[in-house]
Q: 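First the structure, which I've put down as structure tokens, then a few questions once you've had a look.
Every heavy atom of this structure was used, including side-chain atoms; hydrogens, water molecules and symmetry mates were not. Everything quoted here is computed from the prediction, not taken from an experiment.
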Amino acid sequence: MRRGRRREYDDSPRPSVANPREVLLSETLAFVRAASECVGVRRISLLGSLATLKPAPKDTDVLVLLDEGLDLAELAPIGRRLKGRCNAINLAADVFLAEGEGRYIGRICRYRECRPRTMCEAHHCGLRGQRVHLNDDLHLVTLAPALVAAPPFDLWPTVVRRAKAPVDVEALLLAPLEGHSPDRDQGAGGNL
């Protein structure tokens, strides 16, 4: 039996669309608009590779700052919808959560209902009398306090830029959230 060379695992994204950044930004915008309606959501921010010039990011990463102890029942389906829509194009999404004055607590759980699963990596699953819809897998993923306090872009309740925005982030996410379009502001696009 002849064995070939061991292949390196290629974890580069393989999106099923020609312009994955555009789709990820569109889905992020839809998430922000829906999540901003949830009671107890105080801030929504963009971080990760989509906030950079990386041509083929593997996901969108949003950070949601919540009131302390907020029930996640209203926010969780919105987060799962974002994940599902990104998964539909072979990419991913993460909804990171912080509460109070910026203490990172985990991510939105990918499961609709809590029940025993071998793939569940939460330390305190809702089954154990803990917070439902919270994946507190802090042993796998955590955010630095400085990043939680000052992410590259705040998207809601007001847009705040702490980094230079890529052109597509500016046009497809930040400008719509500010309530204007670059075309209108530059006098293009005809009469309104």
Side-chain angles (χ1 to χ4, degrees), residues 11 13 15 20-21 23-51 57-157 159-160 169 173 177:
D11 67 343
R21 288 185 61 89
V23 176
L24 289 172
L25 288 166
S26 173
E27 295 303 339
T28 302
L29 178 61
F31 170 84
V32 172
R33 288 183 170 153
S36 65
E37 298 293 321
C38 295
V39 174
V41 170
R42 295 177 26 207
R43 183 184 80 198
I44 304 171
S45 305
L46 178 70
L47 41 102
S49 59
L50 190 58
K58 65 177 181 156
D59 64 359
T60 182
D61 296 314
V62 291
L63 170 65
V64 181
L65 182 64
L66 309 165
D67 287 341
E68 192 80 33
L70 181 73
D71 181 349
L72 299 173
E74 187 179 7
L75 181 62
I78 299 166
R80 285 192 305 273
R81 186 176 315 122
L82 173 64
K83 290 175 85 60
R85 289 180 175 167
C86 292
N87 285 338
I89 61 165
N90 295 329
L91 296 175
D94 267 317
V95 179
F96 298 101
L97 303 172
E99 63 181 8
E101 296 305 311
R103 182 176 56 88
Y104 177 70
I105 60 171
R107 300 180 282 175
I108 290 287
C109 181
R110 65 182 172 184
Y111 300 113
R112 187 177 58 205
E113 298 172 359
C114 282
R115 59 187 161 107
R117 293 178 168 88
T118 56
M119 295 296 291
C120 182
E121 296 165 331
H123 276 280
H124 301 97
C125 179
L127 283 175
R128 299 179 196 110
Q130 300 293 323
R131 201 165 184 180
V132 178
H133 306 296
L134 175 64
N135 181 3
D136 63 344
D137 60 351
L138 304 180
H139 62 292
L140 297 176
V141 178
T142 190
L143 297 183
L147 181 60
V148 174
F153 304 102
D154 286 346
L155 305 175
W156 185 87
V159 172
V160 175
V169 170
L173 187 59
L177 289 169

Q: Determine the minimum heavy-atom distance between Leu63 and Leu143, stating which atoms define it.
A: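 Looks like CD1-CD1, 4.0 Å.
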
Q: Is any side-chain heavy atom of Leu66 closer than 4.5 Å to one of Leu72?
A: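 With C-beta onward as the side chain, the pair touches.
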
Q: Could you grab the distance from atom CG of Leu46 to atom CG of Leu29, nearest 0.5 Å is fine?
A: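 CG of Leu29 is found 11.5 Å from CG of Leu46.
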
Q: How long is the gap from CG on Leu177 to CZ on Phe153, to the nearest 0.5 Å?
A: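 Reported to 0.5 Å precision, the distance equals 12.0 Å.
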
Q: Of all heavy-atom pairs between Glu37 and Arg33, which one has the smallest distance, and what is that distance?
A: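 The pair with the smallest heavy-atom distance is CG-O, 3.5 Å.
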
Q: I'd like to check the side chain to side chain donor-acceptor pair (under 3.5 Å) partners of Arg85; sequence neighbours left out, ordered by chain and number.
A: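 Result, side chain to side chain donor-acceptor pair (under 3.5 Å) vs Arg85: none returned.
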
Q: If I take atom CZ from residue Arg80 and atom CG from residue Leu75, how far apart are they, to the nearest 0.5 angstrom?
A: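 It comes to 9.5 Å.
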
Q: For the residue pair Leu47 and Pro151, what are the closest heavy atoms and their distance?
A: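 In this case the closest contact between Leu47 and Pro151 is CD2-CB, 4.1 Å.
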
Q: Sequence neighbours excluded, which residues qualify as side chain to side chain donor-acceptor pair (under 3.5 Å) partners of Asp94?
A: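 In terms of side chain to side chain donor-acceptor pair (under 3.5 Å), with neighbours along the sequence ignored, Asp94 is linked to Arg107.
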
Q: Write down the atom of Leu82, the atom of Glu27, and the distance for their closest heavy-atom approach.
A: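 The pair with the smallest heavy-atom distance is CD1-O, 3.5 Å.
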
Q: Minimum heavy-atom separation for Asn87 to Ala92, with atom names?
A: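 Shortest heavy-atom contact: OD1-CA, 3.9 Å.
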
Q: Measure the CZ-CD distance between Arg42 and Glu101 for me, rounded to the nearest 0.5 Å.
A: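 Between atom CZ of Arg42 and atom CD of Glu101 there are 5.5 Å.
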
Q: Return the set of residues passing salt bridge (charged side-chain N to carboxylate O under 4.0 Å, His left out) with Asp154 (not counting sequence neighbours), or none when no residue passes.
A: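 Listed in chain order: Arg43, Arg162.
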
Q: Kindly indicate whether the side chain of Phe31, heavy atoms from C-beta on, has any atom under 4.5 Å from the side chain of Ile44.
A: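 Heavy-atom side-chain distance check passes, below 4.5 Å.
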
Q: Nearest 0.5 Å please: distance from the CG atom of Leu50 over to the OG1 atom of Thr60.
A: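 Those atoms lie 4.5 Å apart.
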
Q: Ignoring hydrogens, what is the shortest heavy-atom contact between Leu147 and Pro152? Give both atom names and the distance.
A: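 Result for this residue pair: CD1-CD, 4.0 Å.
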
Q: Is any side-chain heavy atom of Val41 closer than 4.5 Å to one of Ser36?
A: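 Side chain of Ser36 against side chain of Val41, heavy atoms only: no contact under 4.5 Å found.
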
Q: Would you call Asp59 and Leu91 a side-chain contact if the rule is heavy atoms closer than 4.5 Å?
A: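 No, side chains not in contact.
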
Q: Let's go through Val169 and Arg21 carefully: what are the C-alpha distance in whole Å and the side-chain angles of both, what is the deciding distance for side-chain contact (heavy atoms from CB on, under 4.5 Å) to 0.1 Å, and is it a yes or a no?
A: CA-CA 9 Å; Val169 170; Arg21 288 185 61 89; 3.6 Å; yes

Q: Less than 4.5 Å apart, side chain to side chain, heavy atoms only: is that true for Leu97 and Leu70?
A: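 Contact flag for Leu97/Leu70 side chains = no.
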
